[in-house]
Number of protein chains: 2
Amino acid sequence: MGRTTLKDIAEKAGVSVTAVSRALSGYPDIGEETRGRILRIAEELNYQPNIAARTLVTHKSGVMGLFVLGRAKGEGFSHPFSGQVINGFLDELTEDGYDMMVFKANRPPDSENSSYLDLCRRRMVEGAFLMGLRTDDPWLSDLTASAIPIVTMDMPLAGDMTFSVGCDSVSAVHAAIRHLADLGHKRIGIVNGYKEASISLERFEGYKSALTSLGLPFDPTIVAEADFTAAGGRQAFLSLIDKAPDMTAVFVSSDLMALGVLEGARERGLSVPEDLSVVGFDNIEMAAMSSPPLTTLDQPRYELGQTAARMLISACSGITPPSRVLLKANLIVRGSTAKPNKIKTGEVIEKAH
Amino acid sequence: MGRTTLKDIAEKAGVSVTAVSRALSGYPDIGEETRGRILRIAEELNYQPNIAARTLVTHKSGVMGLFVLGRAKGEGFSHPFSGQVINGFLDELTEDGYDMMVFKANRPPDSENSSYLDLCRRRMVEGAFLMGLRTDDPWLSDLTASAIPIVTMDMPLAGDMTFSVGCDSVSAVHAAIRHLADLGHKRIGIVNGYKEASISLERFEGYKSALTSLGLPFDPTIVAEADFTAAGGRQAFLSLIDKAPDMTAVFVSSDLMALGVLEGARERGLSVPEDLSVVGFDNIEMAAMSSPPLTTLDQPRYELGQTAARMLISACSGITPPSRVLLKANLIVRGSTAKPNKIKTGEVIEKAH
DNA sequence: TTACGGAGCTAAATCGATTAAGCAAAATCT
DNA sequence: AGATTTTGCTTAATCGATTTAGCTCCGTAA
């Protein structure tokens with residue numbers, strides 16, 4: 001198992017190990033001629049530095065951690081939202097010479113396990129990006145007190161070394177509700193995510209304040225909560241529409257749930273957008289492919305990931321990034337929203353003539 | 001930055017560093033009483049081993065590499081297929097105490113870059129799992145000659161240290177075609193993936209041999225090729241249906257492309273499954289949510305990932321796994337397949353009465 | 001002539017673990 | 001009792017890099 005080491009190069013070049021190390025690292029105190037010879041030999045021997053050795057002395061691993069949190073087997077990477085974020089994060093890291101190590105914490109009572117930060121310390125991870133953090137996470141206080149930079153997706157933490165990226169939910173939801181109101185909707189419901197997600201609170205705030213600023217009444221009977229899955233969205237919608245059949249539009253806190261709403265609407269014989277307008281959130285790939293295609297708020301997922309990476313990298317270089325970066329989510333109008341239809345379901349056929 | 005080291009524990013416990021190391025590693029040559037004391041102090045000081053140091057001497061990093069290959073920005077993690085595979089892979093690794101490092105190689109002419117194996121060597125990665133490898137990959141011969149275990153998704157390589165996981169495409173496609181034939185279809189087309197994916201070849205073989213064994217003629221005019229995207233699938237289908245309007249069913253090599261086919265069918269005014277039956281492959285989450293929901297071949301993605309991890313782990317422990325493991329893809333019949341409808345598109349309205 | 005300074009390189013310590021070799025005391029055998 | 005083994009621990013080398021301190025040689029200024 002003869003891996004090439006600095007020593008091998010040093011011997012072949014007839015210089016000391018130090019000289020080789022410094023030549024390869026670009027220090028100016030190695031003569032041009034010697035440096036050339038060293039570089040050539042290194043190339044020849046296909047030298048790859050042993051990063052474990054380097055890490056041991058420099059205390060810098062060149063590794064950033066990614067934590068994909070979630071309880072169930074099916075969550076985590078398979079969520080249609082995460083993919084592009086991770087792509088952006090990894091691309092940006094790679095660009096700057098960092099590598100990425102991924103940790104997954106499911107298993108609800110993770111208390112027995114080591115905290116996220118312990119995992120980082122073992123691997124000398126320099127900074128971490130956490131996706132899917134919830135307000136009821138058992139390690140929240142550890143994270144807040146972290147000594148290494150932490151970037152969280154969506155959920156800001158109040159630590160010196162904690163930063164967050166996300167989209168401006170409030171103004172995004174405003175745009176969505178305004179769009180519905182402009183079309184003429186008066187009874188606009190909401191299918192929100194669970195309370196333990198910080199975005200749920202923000203989006204609810206956005207919903208309420210948008211109604212107020214548009215002069216529409218807020219009615220708690222057309223507010224439902226689901227678990228960010230399609231099945232949950234469907235369920236929540238059904239209970240909503242059964243309670244309030246006069247609802248003509250619904251804002252849904254995620255596209256996945258919105259797809260469930262679409263399904264529920266079909267089940268109740270409501271056609272979208274004629275009988276019901278639906279606005280989602282996220283603009284996942286699926287949103288453009290459903291029938292009807294979903295009007296939604298586009299989150300720039302790739303850029304969110306990139307931003308997280310850049311914040312982490314700059315924090316690691318001693319340049320403190322802003323503690324919270326908010327990107328803009330843009331409204332994409334597709335086929336799931338239209339003017340409210342006053343004709344009842346049973347009369348739709350007439351309309352066709 | 002006072003991280004706890006073996007030395008700290010040793011001093012506090014009044015023993016040598018070796019004793020601490022051996023006590024923590026569970027060697028039997030440390031007295032019960034001493035071991036207890038050491039363990040307690042380690043706990044107290046929240047000791048986390050420095051894995052870089054350990055790796056340096058043992059030459060085992062406890063890290064497996066995951067390579068998510070793909071050319072475009074949007075590929076890689078965001079592909080609806082990868083998520084669950086990665087979940088299974090990571091869960092299984094974590095179970096066995098391994099961590100995962102992820103590398104991404106896009107940038108078409110990756111020649112300037114280091115090969116996959118160089119990346120592994122730098123990080124002392126013990127084994128690697130490659131997803132999305134193509135037959136025209138520039139590093140194919142390096143991989144085949146690899147000294148560390150490599151597991152590839154779908155595409156088998158002929159090396160001593162190369163293994164592969166995948167689904168038995170041929171028998172899966174047989175089941176799909178038989179299902180269509182049983183329904184009464186005689187003109188069954190195929191939208192396949194590009195040739196550089198080994199699965200495309202296998203699925204094409206399955207398609208041809210299934211037709212033969214069912215006594216149906218093979219007709220190259222109803223064979224099309226796309227790039228595994230929805231847009232590509234739509235495009236390929238359109239050219240197919242325009243050439244052969246009498247085609248009543250189409251087998252599509254991936255669900256994503258199949259969703260594109262559904263879109264294309266809508267555009268041409270064909271209703272699925274009445275005018276056209278569609279069978280996909282993969283059973284991605286979206287497949288159950290389209291309208292109509294897609295009949296497809298379910299790939300056990302999570303299990304594929306788990307299997308890859310187990311093969312890698314066992315290969316790293318010196319136990320050679322089988323060079324190729326094929327799981328079964330099961331046919332899931334949903335709403336996109338039905339008996340062929342002899343009535344032409346224009347007459348569909350009559351049927352409704 | 002002596003001293004100083006810079007250029008170019010080396011020696012040796014260090015990071016934090018693992019592990020081979022060995023040693024002292026206690027336990028066991030003869 | 002004396003020899004031998006076992007138990008429980010220590011010493012010191014090692015992995016492969018980085019880094020600090022210092023050394024040698026040469027040119028130049030005083």
Side-chain angles (χ1 to χ4, degrees), chain A residues 1-39 41-42 45-63 97 99 118 120-126, chain B residues 1-39 41-42 45-63 97 99 118 120-126:
Chain A
M1 173 52 166
R3 283 199 39 183
T4 308
T5 69
L6 284 190
K7 205 174 153 201
D8 299 329
I9 301 178
E11 277 165 12
K12 200 154 182 188
V15 293
S16 73
V17 170
T18 308
V20 179
S21 172
R22 299 185 73 85
L24 292 175
S25 306
Y27 282 75
D29 62 352
I30 304 293
E32 265 321 306
E33 200 237 355
T34 317
R35 150 172 290 118
R37 184 157 30 102
I38 290 174
L39 258 48
I41 295 175
L45 268 46
N46 189 21
Y47 170 73
Q48 298 291 334
N50 182 326
I51 302 201
R54 173 184 297 169
T55 300
L56 186 55
V57 40
T58 60
H59 289 278
K60 309 209 116 222
S61 61
V63 173
D99 283 319
D118 286 343
C120 290
R121 286 176 44 206
R122 298 165 68 102
R123 287 289 179 189
M124 299 242 202
V125 162
E126 295 183 37
Chain B
M1 171 52 168
R3 284 200 37 183
T4 308
T5 69
L6 285 190
K7 204 173 154 201
D8 299 329
I9 302 177
E11 276 165 12
K12 200 154 184 190
V15 292
S16 74
V17 171
T18 307
V20 179
S21 172
R22 300 184 73 85
L24 293 175
S25 307
Y27 282 75
D29 62 352
I30 304 293
E32 265 321 305
E33 199 236 357
T34 317
R35 148 172 293 117
R37 183 160 28 103
I38 291 173
L39 257 48
I41 296 175
L45 268 49
N46 188 20
Y47 170 73
Q48 298 292 335
N50 181 326
I51 301 201
R54 175 185 294 168
T55 299
L56 186 55
V57 39
T58 60
H59 287 278
K60 310 208 117 223
S61 60
V63 173
D99 284 320
D118 286 343
C120 290
R121 285 176 45 207
R122 296 165 71 103
R123 287 289 179 188
M124 298 243 203
V125 163
E126 296 184 39

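Here is how names work: the chains are called A, B, and so on, in the same order as the sequence lines, proteins then strands, and each is numbered from 1. Source: prediction; values computed, not measured.
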Using modelled atom types only, decide if a donor and an acceptor are shared between the side chain of Thr5(A) and the backbone of Lys7(A) within a distance under 3.5 Å.
yes

Within the structure shown, what part of the strands sits under 4.0 Å from Val15(B) by heavy-atom distance: base, sugar-phosphate, or nothing?
sugar-phosphate

Winner on side-chain proximity to Thr5(A), out of dA17(D), dT18(D), dG16(C), is dA17(D)

Which whole-number value in Å describes the distance from Lys7(B) NZ to dC15(C) P?
7 Å

Interatomic distance, Ile51(A) CD1 vs dT18(D) P [rounded to whole Å]
10 Å

If only atom types and distance count, is the side chain of Arg35(B) paired as donor or acceptor with the main-chain N or O of Pro28(B) below 3.5 Å?
no

Has Arg37(A) got a side-chain atom pairing as donor or acceptor with Ala13(A)'s backbone, closer than 3.5 angstrom?
yes

Do Ser16(B) and dT11(D) have a side chain to base donor-acceptor pair shorter than 3.5 Å?
no

Would you kindly give the CD-to-P distance between Glu11(A) and dA17(D), to the nearest whole Å?
13 Å

Distance test, side-chain N/O of Tyr27(B) to OP1/OP2 of dT18(C), below 4.0 Å
no

Between P on dG16(C) and CG on Asp8(B), what's the gap in Å once rounded to a whole number?
9 Å

dT19(D) base to Thr58(A) side chain: any donor-acceptor pair below 3.5 Å?
no

For Met124(B) and for Glu32(B), find the nucleotide of DNA chain D with the closest heavy atom, then tell me which residue's nucleotide is more 5'.
Glu32(B)

Listed nucleotide nearest any side-chain atom of Tyr47(A), set dC9(D), dA17(D), dT11(D)
dA17(D)

Determine whether a donor-acceptor pair (N or O, by modelled atom type, separation under 3.5 Å) exists between the side chain of Arg123(A) and the backbone of Ser61(A).
no

Among dT10(C), dT10(D), dG16(D), which is the nearest nucleotide to the side chain of Leu56(B)?
dG16(D)

Over how many whole Å does the gap from Leu6(A) atom CG to dA12(C) atom P extend?
18 Å

Measure from the side chain of Arg54(A), starting at C-beta and using heavy atoms only, and say which of dC15(D), dC9(D), dT18(D) lies closest.
dT18(D)

Distance-only, no hydrogens or angles: does the Thr55(A) side chain make a donor-acceptor pair with backbone N or O of Ile51(A) under 3.5 Å?
yes

By nearest-heavy-atom nucleotide on DNA chain D, the more 5' of Gly14(B) and Val57(A) is Gly14(B)

Nearest whole angstrom, please: distance from the C1' of dA11(C) to the CZ of Arg22(A).
13 Å

Of all the nucleotides listed (dA17(D), dG16(C), dT18(C)), which has the minimum atom distance to the side chain of Ala53(A)?
dA17(D)

Whether the side chain of Thr58(B) engages the backbone of Arg54(B) through a donor-acceptor N/O pair (distance < 3.5 Å, no angle test) should be reported.
yes

In whole angstroms, how far is the P atom of dT18(C) from the CD1 atom of Ile30(B)?
12 Å

When all nucleic acid strands are considered with a 4.0 Å heavy-atom cut-off, which category describes Thr34(B): base, sugar-phosphate, or nothing?
sugar-phosphate

Just N and O in the side chain of Ser21(B): are any of them under 4.0 Å from OP1 or OP2 of dT18(C)?
yes

Of the candidates dA11(C), dG8(D), dT18(C), the side chain of Asp29(B) sits closest to dG8(D)

Rounded distance (Å) that lies between atom C1' of dA17(C) and atom NZ of Lys60(B)
17 Å

Side-chain contact check for Asn50(A): nearest option of dA17(D), dT19(C), dT10(C) is dA17(D)

